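On a predicted model such as this, the values are computed, not experimentally measured, just so you know. Each ligand, and each atom within it, is numbered from 1 in the order the structure gives.
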Amino acid sequence: MYHVSWDIDTNGILLSGTRPEDERLAVRDSEMRPVFHEELDLLGVDHWIYAPSEAPLLWAVGRDYYCRGELVARAKGGSFYEKPTIEYVVEGLELKPIEVAEMSRRNAALLDGLAQRAIEFIRREYEQRQGKVDVISVAFSGGKDSVAVLDLVQRALPPDAFMVVFGDTTMELSATYEAVEAAKRHWPQLTFLTARSHLPAVETWKLFGPPSRMHRWCCSVHKSVPSLLLLREVAGTPSLQALVFDGIRWAESQRRSTYDATTVGGKHLIQVNASPIIAWSSAEVYAYTFSRADADGGHSLPVNTGYRHGLARVGCAVCPFASSWGEAITGHAYAGCIAPLLEELDRYGARDSRSGEGLRDYVASGQWKMRSGGRSVGGGGNHVDLAERSADMSFVIRNPQESWAEWAKTVGEPSLTGPGAGTIQSDLGHHPFSISTQPHSVEVHLPGLAREDKNAVRYFKAVAHKAAYCVRCRACEVECPTGALSVNGRVEIDLVKCVHCHNCLTFVDKGCWRAKSITVSVKGAGMKGINAYQTFGMSKGWLDEYLGNPNGWWKQNSLGPRQFEAMKVWLDHAGVLDRGSTDLTAFGDRIRSLGSGSLLSWAAIWVQLARRSVLVRWYATQVPFGSAYSKDELIGALGEELSPRTLSNALVSLFRLLEDTPLGVDLGLGVVTRTGRAIDRLTKAGSHSVPPLAVLYALYEYAENLDKFAFSISEIVETKEGGPACLFGLARDELIGTLRGLSSQHSQLIKTELARGLENVFLEPTYGSDSILGIT
Ligand code: SF4
Ligand code: SF4
Ligand code: SF4
């Protein structure tokens, strides 16, 4: 990524290998964007003089506007319903179009180098994988990054070597559909295909509930799944191998900053993602865009008009990850595109007895983005009740959408012993079942299931959820490596092809995106005990004091009475104390030996807290990595049942735990930023410094809990019930690298088979998780 400075002459930007000598010329953030006259028109800028022009007029860095390197105005506020206001720093400014051609000439050498490196990368990937993959495609969204990538790929490869796949989420802005048409005109020699779910988004928002930052089902249902299904169709095989060039950039988000330029497998084993501009800044993308003269002698690749209206990112019209700025622009420039989705948000918000100003505020302030439960979704009466009597389990599936018996074939081979009764033979055992059907429900009785392997219980729970909630979104289908599963029209499992890998049961919590999104999660009784720490967090100093004298601490310590009570609970939840006693556990002994200065100690404590503390379990498993959250957003995510005050107090304990121990910053589990004493944001970014032994410890602890010591990488990456990926936010490639290193260093503890498409991990059951903490 080059340094970016202001070019006063052209009102453009200059890329350079070093920072400018005059610091005042340095652009403070290269995630900048050009500002066109359409944005000024939209915001009603009336203190400056400007005329419409094709070229941009000035630049924006965040919400600050710059002209020839000088701050000239700031935008404040704004929402779907209110335009941002402009605070002018310079009045009476006369704006002239940026001299784009000259700016491009001045940047030509560096841009050419940047482009050539990307082109070489594309050719290298192509040559390495050509003949080994079934399809090569460019993922096209109509945004500037995908336009730049498409341009680079078509410069690197012959036009018939790849296809362009536009992922139409059906939540696109009209500007994006126009951008796709413009791209087709710009590159008439290329093959464009459109991938789209058979369910339109206005329909899925009703069925699944509006997406939220906790429930990102739409990225699967509307983005990745339709593209994969389309590529499978093109390749004519379910076991598709695809090379996909995408426009992912590190600078775009914290989550993406952990991605590699090439991701083999990624979410779907069948896909290699190659990201030629992963290291580019947005300044570089725009400089490249403007520098590419088209066939008519113009000065640009096609620019989505969303950017001309002021968007920093062009994506879905209404998205739980959008900024208030983006919403203010779409709310005013694309009101027609967002209206149907805002109606859904209104409908959803109104079910929680909101109306008038309250409802408007719920949408405008983004409270909807933090939905975690599905109480207000409705769900058409679909529901699963689980009853357990001694070792028997019964699922009562109310208003089932699909056949339980059909989905149950994924667990193992069925054989019927009578009407509605039989057994399922899986690698975990022999599972007898009986089904009784009522007018609006089905009861499935599974004798002895509760005594069986935990995975068998998990699989049958997923089957019940699928039977209750399946609306055939087809997300499961792409998880099936053999093509045994078809969800097109109705669910069918081809037993000849099914290898009972259980991918379709475990790829998401509850085995179904819709079940995950609309069932009411750990609320009410499940959240009991969330506020157990009286607003105190455990601090490193407190743990230090305790570990220094674990016997004497009970009589002599520096804590006040309430702090002492809170610390007792923390020690208990951290697994350091034997429940109900003052004795150290074996785990506590290990932590004492490692000391409170060890990152491994804290990582292990986090694993224990995620198992025993309701508060930490919720945060560790339900709050996604890669985003920043305000306190109000987290309260919204926690609470449909408990009082805001209770939840606020619980969160204060969590913030303090993260701030006062290495958990927050060093392990990247939550960096708290404050203004004075008030919390601004909690950023859950993850870290690249998680000790490898902590990864192994988390894996052993997870394995012990499941009583299962062999896993696939996908299982470890996708589970939300613990393990290193979920608890420390490790991306798949990072996890694989760490496990490889561990298996070569500690082969008695972990073995891996990760070459040639295999992804197996084996642990040694005779070792306990605590013994990992004793490795020196
Ligand atoms: S970009 Fe946002 S709205 Fe669109 S699919 Fe992803 S999370 Fe959903
Ligand atoms: S079971 Fe699969 S196909 Fe059916 S709704 Fe759930 S995720 Fe979609
Ligand atoms: S993913 Fe496919 S092969 Fe695996 S259990 Fe499901 S249907 Fe069978």
Side-chain angles (χ1 to χ4, degrees), residues 141 143 167-173 176 197-199 201 204-205 207-208 210-227 229 238-239 252-253 255 269 313-322 326 330 338 341 344-345 369 379 382 400-403 406-413 426-427 459 462-519 624 626-627 712 714:
S141 67
D168 177 6
T169 61
T170 63
M171 294 181 266
E172 310 296 337
L173 298 173
T176 294
S197 167
H198 64 291
L199 295 169
T204 53
W205 278 45
L207 293 168
F208 288 69
S212 73
R213 287 159 77 173
M214 310 289 160
H215 294 297
R216 211 180 170 166
W217 54 265
C218 44
C219 276
S220 281
V221 171
H222 288 293
K223 275 191 171 173
S224 58
V225 168
S227 293
L229 287 170
S239 52
E252 270 183 307
S253 72
R255 191 168 55 89
L269 266 176
R313 284 185 195 160
V314 173
C316 295
V318 178
C319 168
F321 292 90
T330 50
I338 64 171
L341 298 173
E344 280 312 312
L345 286 184
K369 297 176 182 173
N382 317 132
Q401 297 294 294
E402 276 294 341
S403 152
E406 193 62 28
W407 274 119
K409 290 179 188 170
T410 57
V411 179
E413 296 287 330
S426 81
D427 53 352
Y459 298 155
V463 167
H465 281 120
K466 281 168 169 305
Y469 294 101
C470 182
V471 287
R472 297 167 288 282
C473 76
R474 301 188 74 189
C476 298
E477 228 177 292
V478 298
E479 303 295 331
C480 179
T482 63
L485 174 59
S486 162
V487 194
N488 201 0
R490 70 192 175 110
V491 175
E492 277 178 293
I493 287 106
D494 181 342
L495 275 172
V496 178
K497 291 185 188 161
C498 181
V499 291
H500 308 297
C501 65
H502 306 135
N503 281 1
C504 57
L505 299 172
T506 56
F507 72 105
V508 67
D509 271 1
K510 302 182 195 298
C512 169
W513 276 111
R514 182 168 180 249
K516 177 179 184 292
S517 182
I518 76 175
T519 46
S627 279
S712 70
S714 300

So for E402 against ligand 2, with non-hydrogen atoms under 4.0 Å, the contacting part is neither
Region of E477 that comes within reach of ligand 2 [heavy atoms, distance under 4.0 Å] | neither
Interfacing atoms of ligand 3 (cut-off 4.0 Å, heavy-atom, [X]):
| X | result |
| --- | --- |
| L485 | 7 (S) |
| T410 | 5 (S), 6 (Fe), 7 (S) |
| V499 | 3 (S) |
| C498 | 3 (S), 5 (S), 7 (S), 8 (Fe) |
| T482 | 3 (S) |
| C480 | 1 (S), 2 (Fe), 3 (S), 7 (S) |

Nearest protein heavy-atom contact for [atom]: which residue, which atom, what distance?
| atom | value |
| --- | --- |
| atom 6 (Fe) of ligand 3 | C504 SG, 2.4 Å |
| atom 8 (Fe) of ligand 1 | C218 SG, 2.2 Å |
| atom 3 (S) of ligand 2 | R474 N, 3.4 Å |
| atom 7 (S) of ligand 2 | W513 N, 3.4 Å |
| atom 4 (Fe) of ligand 3 | C501 SG, 2.3 Å |
| atom 2 (Fe) of ligand 1 | C319 SG, 2.3 Å |

Using modelled atom types and a 3.5 Å cut-off, is there a donor and acceptor pairing between side-chain atoms of [X] and backbone atoms of [Y]?
| X | Y | result |
| --- | --- | --- |
| T170 | A201 | yes |
| K510 | S517 | no |
| H198 | G489 | no |
| D509 | K516 | no |
| H215 | P210 | no |
| T169 | H222 | no |
| E479 | N503 | no |
| E402 | R490 | no |

Counting from 1, what ligand 1 atoms have a heavy atom of [X] closer than 4.0 Å?
| X | result |
| --- | --- |
| V318 | 3 (S) |
| C219 | 5 (S), 6 (Fe), 7 (S) |
| C316 | 1 (S), 3 (S), 4 (Fe), 5 (S) |

Is there a side-chain contact between K466 and L505 (heavy atoms, below 4.5 Å)?
-> yes
Considering only heavy atoms from C-beta outward, does the side chain of C473 approach that of T204 to under 4.5 Å?
-> no
Give the numbers and elements of all ligand 2 atoms closer than 4.0 Å to a heavy atom of [X].
| X | value |
| --- | --- |
| C476 | 1 (S), 2 (Fe), 3 (S), 7 (S) |
| V487 | 3 (S) |
| K466 | 1 (S), 2 (Fe) |

Examine the proximity of ligand 3 to H502 and report which part, side chain or backbone, both or neither, has a heavy atom under 4.0 Å away.
-> backbone
When rounded to the nearest 0.5 angstrom, what is the spacing between CZ in F507 and OG in S714?
-> 12.5 Å
Apply the ring-ring contact (aromatic ring centres under 6.0 Å, His included) test between F208 and each candidate in Y469, W217, W513; give the one that qualifies.
-> W217
Could you confirm whether H222 has any N/O/S atom lying under 2.8 Å from atom 6 (Fe) of ligand 1?
-> no
State which residue, out of L495, T410, D427, fulfils the side-chain contact (heavy atoms from CB on, under 4.5 Å) condition with H500.
-> L495
Which one of R313, K369, M171, K223 has a non-hydrogen atom at the shortest distance from atom 1 (S) of ligand 1?
-> K223
